[in-house]
Amino acid sequence: MELDRRFYRWGEERRYGKFSHIIRTALFFSIVLLSARLTTLFIYEPVSTIDVFFIHFPSQLLMIILVSVLLGTLGWYIKEARYKSKARRRGLPITSL
């Protein structure tokens, strides 16, 4: 049952489009990566390293955003390939987006 629910949920998700999915996923990953980085910084690093972090913050933020967009894009293509494979097995028509 759970597999059917995921299959139909992804079918609904595809209607919003690739760009929307990538942006939402990238935003989610960016928040998670940034909060994890800040948490480890304040817990494990000495005070002098905190100053250096905020000096390099724009470049680190850019890298986090780029990695997040890459993960979002990769996630889209993996989920889309799984969806198309399951749709072919079920004999359903596959629409291109």
Side-chain angles (χ1 to χ4, degrees):
M1 275 316 221
E2 179 65 30
L3 295 176
D4 282 341
R5 188 178 308 140
R6 277 193 248 161
F7 176 77
Y8 290 113
R9 186 172 40 208
W10 180 250
E12 293 295 319
E13 178 79 25
R14 308 176 71 224
R15 290 188 181 150
Y16 293 113
K18 185 189 317 184
F19 183 73
S20 173
H21 179 268
I22 290 172
I23 293 299
R24 282 187 287 124
T25 306
L27 183 63
F28 172 75
F29 279 130
S30 295
I31 291 170
V32 168
L33 290 173
L34 187 60
S35 62
R37 176 67 179 119
L38 289 173
T39 301
T40 57
L41 175 75
F42 286 116
I43 292 176
Y44 298 112
E45 300 295 329
V47 176
S48 62
T49 311
I50 294 173
D51 296 335
V52 172
F53 171 78
F54 285 108
I55 291 172
H56 297 293
F57 183 71
S59 62
Q60 290 182 359
L61 186 62
L62 179 66
M63 288 304 295
I64 286 173
I65 291 171
L66 289 175
V67 166
S68 298
V69 168
L70 180 67
L71 289 173
T73 305
L74 184 65
W76 168 269
Y77 284 112
I78 289 172
K79 287 182 178 182
E80 188 68 12
R82 286 181 183 168
Y83 177 80
K84 287 181 180 179
S85 172
K86 289 177 185 176
R88 270 190 228 105
R89 275 189 263 148
R90 293 175 186 213
L92 297 174
I94 301 170
T95 58
S96 296
L97 296 177

Participant: Side-chain heavy atoms nearer than 4.5 Å, only ILVMFWY residues, links allowed to pass through others: does that put Leu38 and Phe29 together?
Facilitator: yes
Participant: Scan for salt bridge (Lys or Arg N to Asp or Glu O under 4.0 Å) pairs involving residues 64-78, sequence neighbours excluded, and state none if there are none.
Facilitator: none
Participant: With sequence neighbours left out, what residues match Phe57 under ring pair (Phe, Tyr, Trp, His ring centres under 6.0 Å)?
Facilitator: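 With sequence neighbours excluded, Phe57 shows a ring pair (Phe, Tyr, Trp, His ring centres under 6.0 Å) to Phe53, given in chain and number order.
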Participant: What side-chain hydrogen bond (donor to acceptor under 3.5 Å, both in side chains) pairs are there with at least one residue in residues 56-69, not counting sequence neighbours?
Facilitator: Ser30-Ser68
Participant: Under the rule for side-chain hydrogen bond (donor to acceptor under 3.5 Å, both in side chains), what residues qualify as partners of Thr73, not counting sequence neighbours?
Facilitator: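 By the side-chain hydrogen bond (donor to acceptor under 3.5 Å, both in side chains) rule, Thr73 matches no residue at all.
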Participant: Could you list the residues that satisfy side-chain contact (heavy atoms from CB on, under 4.5 Å) with Val67, not counting sequence neighbours?
Facilitator: Leu33, Leu71
Participant: Can you tell me which residue pairs pass the salt bridge (Lys or Arg N to Asp or Glu O under 4.0 Å) test with a partner in residues 62-79, sequence neighbours excluded?
Facilitator: none
Participant: Please write out which residues are connected to Ile78 in a hydrophobic cluster, directly or through intermediates, given that two of Ile, Leu, Val, Met, Phe, Trp, Tyr count as joined at side-chain heavy-atom separations below 4.5 angstrom.
Facilitator: Leu74
Participant: Give a yes or no on whether Phe28 and Leu61 share a hydrophobic cluster (residues Ile, Leu, Val, Met, Phe, Trp, Tyr; joining criterion: side-chain heavy atoms under 4.5 Å apart).
Facilitator: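 Yes, Phe28 connects to Leu61 through the hydrophobic network.
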Participant: Once side-chain hydrogen bond (donor to acceptor under 3.5 Å, both in side chains) is applied, do any residues pair with Tyr77, and if so which ones, sequence neighbours excluded?
Facilitator: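 Checked Tyr77 against side-chain hydrogen bond (donor to acceptor under 3.5 Å, both in side chains); matches are Lys18.
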Participant: Taking only Lys NZ, Arg NE, NH1 and NH2, and the carboxylate oxygens of Asp or Glu, determine whether Glu12 and Arg9 approach each other closer than 4.0 Å.
Facilitator: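 Looking at Glu12 and Arg9, the cut-off is not met.
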Participant: Indicate yes or no for a side-chain donor-acceptor contact from Thr40 to the backbone of Arg37 under 3.5 Å, with no hydrogens or angles considered.
Facilitator: yes
Participant: Name all residues meeting the salt bridge (Lys or Arg N to Asp or Glu O under 4.0 Å) criterion together with Arg24; count only those two or more places apart in sequence or in a different chain, and write none if there are none.
Facilitator: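 So Arg24 forms a salt bridge (Lys or Arg N to Asp or Glu O under 4.0 Å) with Glu13.
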Participant: So if I apply the side-chain contact (heavy atoms from CB on, under 4.5 Å) rule between Lys86 and each of Lys84, Arg89, Arg88, which one comes out positive?
Facilitator: Arg89
Participant: Could you tell me whether the side chain of Thr39 and the main chain of Ser35 form a donor-acceptor pair under 3.5 Å?
Facilitator: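 Such a contact is found between Thr39 side chain and Ser35 backbone.
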Participant: OH of Tyr83 to CH2 of Trp76: how many Å apart, nearest 0.5 Å?
Facilitator: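 CH2 of Trp76 is found 10.0 Å from OH of Tyr83.
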Participant: Are Leu66 and Leu34 in one and the same hydrophobic cluster, where Ile, Leu, Val, Met, Phe, Trp and Tyr link if side-chain heavy atoms are under 4.5 Å apart?
Facilitator: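 Leu66 and Leu34: separate clusters.
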Participant: Output the rest of the hydrophobic cluster of Leu27: all Ile, Leu, Val, Met, Phe, Trp and Tyr residues reachable through side-chain heavy-atom contacts under 4.5 Å, sorted by chain and number.
Facilitator: Ile31
Participant: Clusters formed by hydrophobic residues whose side-chain heavy atoms approach within less than 4.5 Å: which one holds Leu70, and what are its other members?
Facilitator: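 Listed partners: none, Leu70 stands alone.
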Participant: Would you please name every residue forming a side-chain contact (heavy atoms from CB on, under 4.5 Å) with Ala36, sequence neighbours left out?
Facilitator: none
